[in-house]
Amino acid sequence: MALGIYIHVPFCLGKCSYCDFVSYRWVHDKVDAYLEALAKETRMRSKELSGNNRQVESLYIGGGTPTCLKREEILFVVKNCSFHFDLLPGAEISLEANPGTVSMEKLEFLYSNGINRLSIGAQACQEWLLKLLGRKHSFEDVQDAVRSARKAGFKNISIDLIFGTPGQTTGDWNESLQRVIELAPEHISAYGLHLAAGTPLNERVSKGELEVLEEEIWLEMYEEAIEVLAAAGFEHYEISNFALPGRQCRHNLLYWRNLPYLGLGPAAFSYLNNRRFGNEKSLEKYIQKINEEKPAEAESETLPQRIRMAETVILGLRLLKGIDLNEFALRFGKRLEEVYPGQIDKFVRLKLIEYDGKNVRLTRKGLAVSNQVFVEFI
Amino acid sequence: MGNGQELIRNFSIIAHIDHGKSTLADRLLEYTGALSKREMTDQVLDQMDLERERGITIKAQAVRLNYRARDGLVYQLNLIDTPGHVDFNYEVSRSLAACEGALLVVDAVQGIEAQTLANAYLAAENDLVLIPVINKIDLPNAEPAAVIKELEEVLGLDASGAVLASAKLGTGVEEVLEQIVLHIPPPGGSESSPARALIFDSHYDPYKGVIAYVRVVDGCFRNGMGISVMSSGKDFEINEVGFFRPAMTPVDELRTGEVGFIAAGIKNLKDTRVGDTITAKGDTASEPLPGYRKATPMVYCGLYPVETGDYGNLQDALQKLQLNDASLIFEPETSIALGFGFRCGFLGLLHMEIVQERIEREYGLNMIITAPSVVYRVTTVHKEEFYIENPAKLPSAGSLEKTEEPFVSAVIMMPKEYIGSVMELCQERRGVFLNMEYLGENRVMITYEIPLSEIIYDFFDHLKSRTRGYASLDYELAGYREGRLVRLDIMVNGEPVDALTCIVHADKAYQRGRQLVEKLRSLMPRQLFDVPIQAAVGNKVIARETIKARRKDVLSKCYGGDITRKRKLLEKQKEGKKRMKQVGNVEIPQEAFMAVLSTTKKE
């Protein structure tokens, strides 16, 4: 089965106020050492895999802000992968891009060198919200980025939005949705804001400077996204993701179907041969380990079937089409209904999941309280 | 008498909480060299971690000191430590029965407090010689003369010879020791009579079995000797006798008047009751020694393991604790909501908290504790009388002729400016005024009869806050009084939850029902559906709240394949659920079952 590869680029021009991912302020001399280590790691990992196992159907370059690298550096990352792995024809090659870091020329260069999907972080269209979120760009920058990408030839563009920010109204949200729809992307991710511990935004909430949005308003926004995007032709295919027909993110689908992937770069996670492992989060340690010719892993666990089944359920239920029961039975040699009889009954009764003998999926009501459902499969 | 018996002194230290009893004990140990300075940890006698943390003494401890007095003779002083809290009067009375005298420690600033009085009365009942010690004289606002006057006026003691001490600084310690030697009589009893010893405490040692703490009243006990425990008639052979230094120190024999321990390979916890008499094996002729006023548990609550599989472990823990704590009683009970558990009786709330903490700490068990209740007495229309220790067992009003509840006679001491506020509190708590007495010019002692159920319902918190901490309280059971009492049932999602049932006075039912459902609403997590919480008396719902369904709990983004992190988050969420009890379809957190106790808002 073909692999997905994720590459983590741990640099940003500045940190967003809600972000708890691993990233460093962009400094040029760190970038060289990072790229060198990444190339070594790519080679080391490819050696562990043989023949068919090196086939890659999706490459996802995320971060951080990959587009704060120079265009040649991004190309280096892609070429390095296609050199050591077998990038299948038609593979999805995605790049996360932040408005303000992508010029027309850069985009043309990247597109002509094989990158075929762009994921642009817009988050909101109101300047005050962008500021609150710590974004370093305006909505005009978003519009420019999308127009440039189109001109450069990109036919698969995704835009990220965030809802549920303290102070945001349903009116603000609706405006953001409309203006993003006007940009005619192929894919939209609408993420509910998660206040992660240690982030500046969360600090401000803890101090009482900002007030968390009421659940009811949060829900209203979520429902609004589903309705408005459906009306614009976007299919709701995952809890937070919407796509035009045929434009679902293939890379992310690998995660949700609990299939194997390889992560490269600091803090990247991999799932191969029933083992999930994560690299050192600190760039320094990552580079050091790689330079000592060691795997950059900081944590690893081999998952027993019980956990693999549970993860398959909690990931698969994120997809609107749910879990294919036949596929589950073939994979684990057990029917899902046998493994989780009580849970299925309970949640069907509570109308949080639907079960039709072929698939199990969350209902609309279930989507918003999905953690409450997942927790009982753990 | 002979063989040094006249050189033995057995004594206790009694005091109100925080008046410095444990510090004085430490100084006595240090002075007599029982422990070197290096070995001294603060409050050596308070061995349990809990005791040291809370700064209180729970278990009676016994330690032997050797003191060379000014007369040149070396005396054997046996110090039996006692608890100071009102809950533990029973332990005090046990300790006192093994002594001939007691140091009455009074804080030079605070003067006599409620437990000073209660303990002094207990000592008097046991015919002990009291030696007043005015402690903390180093404090700038100490008024030893006023305290001496109080002792004379309130307790009728001759306090002219009171020792002025500062246990903290070590002042007056030698004087205390001299007074013990001079004024406390040596133990009576006859070396040549058949051996008899009083068990005043015990603990369980995993290697040696039961270690009985004894006071030898007559004769002598030595290694290898056969003994009988009088009430059970069971025979054992002594493996070891010794005394506490405070470490256990084996000796060949324990002689008349001495205090120490006996280990006889006794494995069954029930074979040695504290208060029992040990004799030589087969001696059926001797009279049992007078035991103690049996401890009557005043407060009951249900203890249930969170994990059903822990039932046996909980039983084991309770049995082991009972060995050290004769006043703890328990029996199995079943709750519809909580499954299998135990109904446990305690001397009071502090006692309950301590047992609960010890089970959690020493046995690592996770428990659900139901709100404490007093013991009600009911008479049915068929003239049958019985006691209700579990509110859920109160029969329906129609089948009862009368319902009675325990009242206590409560003594409260406070500075006079708080009288009004304290009397108001007592009144609110259905108290009946009995007496008021001035202690000197500024302090007042009032006596009320108050339902015990009102006392355990955060009375002390309110008393402290209304008097800025200056009031002290002591109480003893005064008897049962008839009352208009009703059963208040709580229904969660339409199902009565027996573990939340309480018995309240009819006039307060509405208010309590209201507070309770509000409190429960605030304590219970939102579920996946609306959950009504109702309070009902009989078939009538008197209060209702609704916990709105949880409608949002979602993690939007699944970061770059770090599914482990997401799973761990869910695992944590699941752990949280584990600490809740599934009642019907609803998850109820542990603390909700105690909610009945703390519904009043703190003033």
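Here is the naming used below: chain letters follow the sequence lines, and residue numbers restart at 1 for every chain.
- Shortest non-hydrogen contact noted between A:Asn371 and B:Leu555 is ND2-N, 3.7 Å.
- Residues B:Arg565 and A:Asp20 come closest through the heavy atom pair NH1-OD2, 3.8 Å.
- From A:Glu376, atom CD reaches atom CG of B:Leu528 across 8.0 Å, with rounding to the nearest 0.5 Å.
- Comparing A:Gly164, A:Ser270, A:Ser240 by how many heavy-atom pairs each has under 4.5 Å with chain B, the most go to A:Ser240.
- Around OH of B:Tyr510, the count of heavy atoms belonging to other residues, nucleotides or ligands within 6.0 Å does not exceed 12.
- More than 12 heavy atoms of other residues, nucleotides or ligands shown are found within 6.0 angstrom of CZ on A:Arg275.
- Here the side chains of A:Phe374 and B:Lys566 are in contact, with some heavy-atom distance below 4.5 Å.
- The nearest pair of heavy atoms linking B:Val554 to A:Ile239 is CG2-CG2, 3.8 Å.
- With a threshold of 4.5 angstrom between heavy atoms, A:Leu254 does not approach chain B through any atom at all.
- Ranked by heavy-atom pairs under 4.5 Å with chain B, the list A:Leu193, A:Ile307, A:Ile314 is led by A:Ile307.
- Atom CZ of B:Phe340 is surrounded by 12 or fewer heavy atoms from other residues, nucleotides or ligands within 6.0 Å.
- Rounding to the nearest 0.5 angstrom, the gap separating the CD1 atom in A:Ile378 from the CG atom in B:Leu570 is 5.0 Å.
- For a residue to count as touching a neighbouring chain, one of its non-hydrogen atoms must lie under 4.5 Å from one of that chain's; by this rule A:Gln372 touches chain B with backbone and side chain alike.
- No other option in B:Gln573, B:Gln527, B:Glu571 has as many heavy-atom pairs under 4.5 Å with chain A as B:Gln573.
- Each of B:Lys552, B:Arg550, B:Arg551, B:Lys548 was evaluated against A:Glu216; a single residue qualifies, B:Arg551, per the salt bridge (charged side-chain N to carboxylate O under 4.0 Å, His left out) test.
- Residue contact with chain B, scored on non-hydrogen atoms closer than 4.5 Å, involves the side chain of A:Phe347 exclusively.
- Within a 6.0 Å radius of CD in B:Gln582, other residues, nucleotides and ligands contribute more than 12 heavy atoms.
- Here the closest heavy-atom approach between residue B:Ile563 and residue A:Tyr255 is recorded as CD1-O, 4.4 Å.
- The environment of A:Arg257 atom CZ is sparse: at most 12 non-hydrogen atoms of other residues, nucleotides or ligands sit within 6.0 angstrom.
- Counting heavy atoms from C-beta outward, B:Arg526 and A:Val369 have side chains that stay 4.5 Å or more apart.
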